[in-house]
Amino acid sequence: MLNLVTPEHFRPLLARTSVLYLPDGSALPIQIQQVTAAPKASVPGSPRTAFSVLLDSLEPTDFVDGLCRLPLAQTCLEQVFVSREPAMGRDNARGYFCIVFN
């Protein structure tokens with residue numbers, strides 16, 4: 001299923017409030033901030049270009065990384081790996097996350 005996900009699944013949700021369901025089942029309000037193509041990271045022969053999705057939490061969280069559930073407009077991603085990025089000058093109370101599809 002994850003191999004069928006494209007950037008177009010995320011674009012309608014840019015800058016809108018969504019929910020990321022963490023491995024423990026809790027719901028974390030998030031915003032999808034950016035969808036970036038990464039053609040050099042694509043698997044050779046793959047019909048899909050690799051891309052990444054950046055998410056910001058809308059409330060404080062201790063979540064670091066793990067397999068999450070993310071409902072999208074057309075589907076619901078199950079068991080998608082979400083990893084935290086350093087705040088690096090941003091609000092330390094919030095979480096900043098990345099999902100990579102290659």
Side-chain angles (χ1 to χ4, degrees):
M1 167 63 197
L2 290 177
N3 62 326
L4 302 176
V5 177
T6 66
E8 288 70 37
H9 285 96
F10 293 92
R11 292 196 202 290
L13 299 175
L14 280 168
R16 290 190 174 167
T17 300
S18 277
V19 176
L20 178 68
Y21 293 93
L22 305 180
D24 66 2
S26 63
L28 178 65
I30 53 123
Q31 276 189 338
I32 296 174
Q33 295 298 326
Q34 186 175 345
V35 179
T36 306
K40 292 183 180 181
S42 297
V43 175
S46 174
R48 177 186 70 195
T49 299
F51 67 99
S52 63
V53 178
L54 300 181
L55 316 168
D56 292 359
S57 73
L58 298 178
E59 60 186 40
T61 181
D62 292 330
F63 175 67
V64 176
D65 62 25
L67 297 174
C68 297
R69 183 167 58 93
L70 179 61
L72 302 174
Q74 302 165 353
T75 189
C76 184
L77 300 182
E78 302 282 347
Q79 302 292 305
V80 64
F81 189 78
V82 177
S83 59
R84 192 168 189 145
E85 296 187 331
M88 294 176 52
R90 299 177 282 189
D91 183 353
N92 286 327
R94 295 175 57 187
Y96 303 94
F97 303 97
C98 182
I99 305 172
V100 176
F101 295 88
N102 56 10

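Heads up: numbering here begins at 1 and tracks the sequence.
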**Complete:** For Gln31 and Ala15, the nearest pair of non-hydrogen atoms, with its separation, is NE2-O, 3.4 Å
**Asked** Can you name the closest pair of heavy atoms from Arg84 and Asp62 and give their distance?
**Response** NH1-C, 3.8 Å
**Prompt:** Do the side chains of Leu28 and Glu59 get nearer than 4.5 Å, heavy atoms only?
**Reply:** yes
**Request:** Answer yes or no: does atom CG of Asp24 have more than 12 heavy-atom neighbours from other residues, nucleotides or ligands under 6.0 Å?
**Result:** yes
**Message:** To the closest 0.5 Å, what do you measure between CD (Gln74) and OG1 (Thr6)?
**Reply:** 7.5 Å
**Message:** Please verify the inter-ring angle class for Phe101 with Phe10; under 30° counts as parallel, over 60° as perpendicular, anything in between as tilted.
**Reply:** tilted
**Request:** Determine, step by step, whether Arg94 and Leu58 satisfy the side-chain contact (heavy atoms from CB on, under 4.5 Å) criterion, reporting the C-alpha distance in whole Å, the side-chain angles of both residues, the deciding distance to 0.1 Å, and the verdict.
**Result:** CA-CA 7 Å; Arg94 295 175 57 187; Leu58 298 178; 3.8 Å; yes
**Request:** In sequence, state the C-alpha distance, the side-chain angles, and the governing distance for Val53 and Leu70, and then conclude on side-chain contact (heavy atoms from CB on, under 4.5 Å).
**Result:** CA-CA 12 Å; Val53 178; Leu70 179 61; 6.0 Å; no
**Message:** For the CG atom of Leu13 and the CD1 atom of Ile30, what is their distance to the nearest 0.5 Å?
**Reply:** 8.0 Å
**Asked** Within the side chain of Arg90, is there an N or O that forms a donor-acceptor pair under 3.5 Å with the backbone of Ala87?
**Response** yes
**Asked** With a 4.5 Å limit on heavy-atom distance, are the side chains of Cys68 and Pro23 in contact?
**Response** yes
**Item:** Distance, nearest 0.5 Å, that separates CG of Leu72 from OG of Ser18
**Value:** 7.5 Å
**Prompt:** When you look at Asp91 and Tyr96, which way does the side-chain contact (heavy atoms from CB on, under 4.5 Å) test go after all the steps?
**Reply:** CA-CA 9 Å; Asp91 183 353; Tyr96 303 94; 3.5 Å; yes
**Request:** Mind checking the CD1-CG spacing from Ile99 to Asp65? Nearest 0.5 Å is all I need.
**Result:** 12.0 Å
**Message:** Test of understanding: with side chain to side chain contact (heavy atoms under 4.5 Å, CB included), list the residues that count as partners of Tyr21, not counting sequence neighbours.
**Reply:** Val19, Ala27, Arg69, Pro71
**Prompt:** Out of curiosity, Asp56 CG to Gln33 CD, how far, rounded to the nearest 0.5 Å?
**Reply:** 4.0 Å
**Request:** Could I get the full list of ring pair (Phe, Tyr, Trp, His ring centres under 6.0 Å) partners for Phe97, not counting sequence neighbours?
**Result:** Phe63
**Request:** With sequence neighbours left out, write down each residue that passes side chain to side chain contact (heavy atoms under 4.5 Å, CB included) with Ala50, or none if nothing qualifies.
**Result:** Ala38, Ala41, Ser42, Asn102
**Value rounded to 0.5 Å, distance of CG in Leu22 from CG in Leu67** = 11.5 Å
**Message:** side-chain contact (heavy atoms from CB on, under 4.5 Å) for Leu77 and His9? Distances and angles first, verdict last.
**Reply:** CA-CA 10 Å; Leu77 300 182; His9 285 96; over 6 Å; no
**Item:** Nearest atoms (heavy-atom pairs only) where Phe51 meets Val35
**Value:** CD1-CG1, 4.1 Å
**Asked** Under a 4.5 Å side-chain heavy-atom rule over Ile, Leu, Val, Met, Phe, Trp and Tyr, are Leu20 and Leu14 clustered together?
**Response** yes
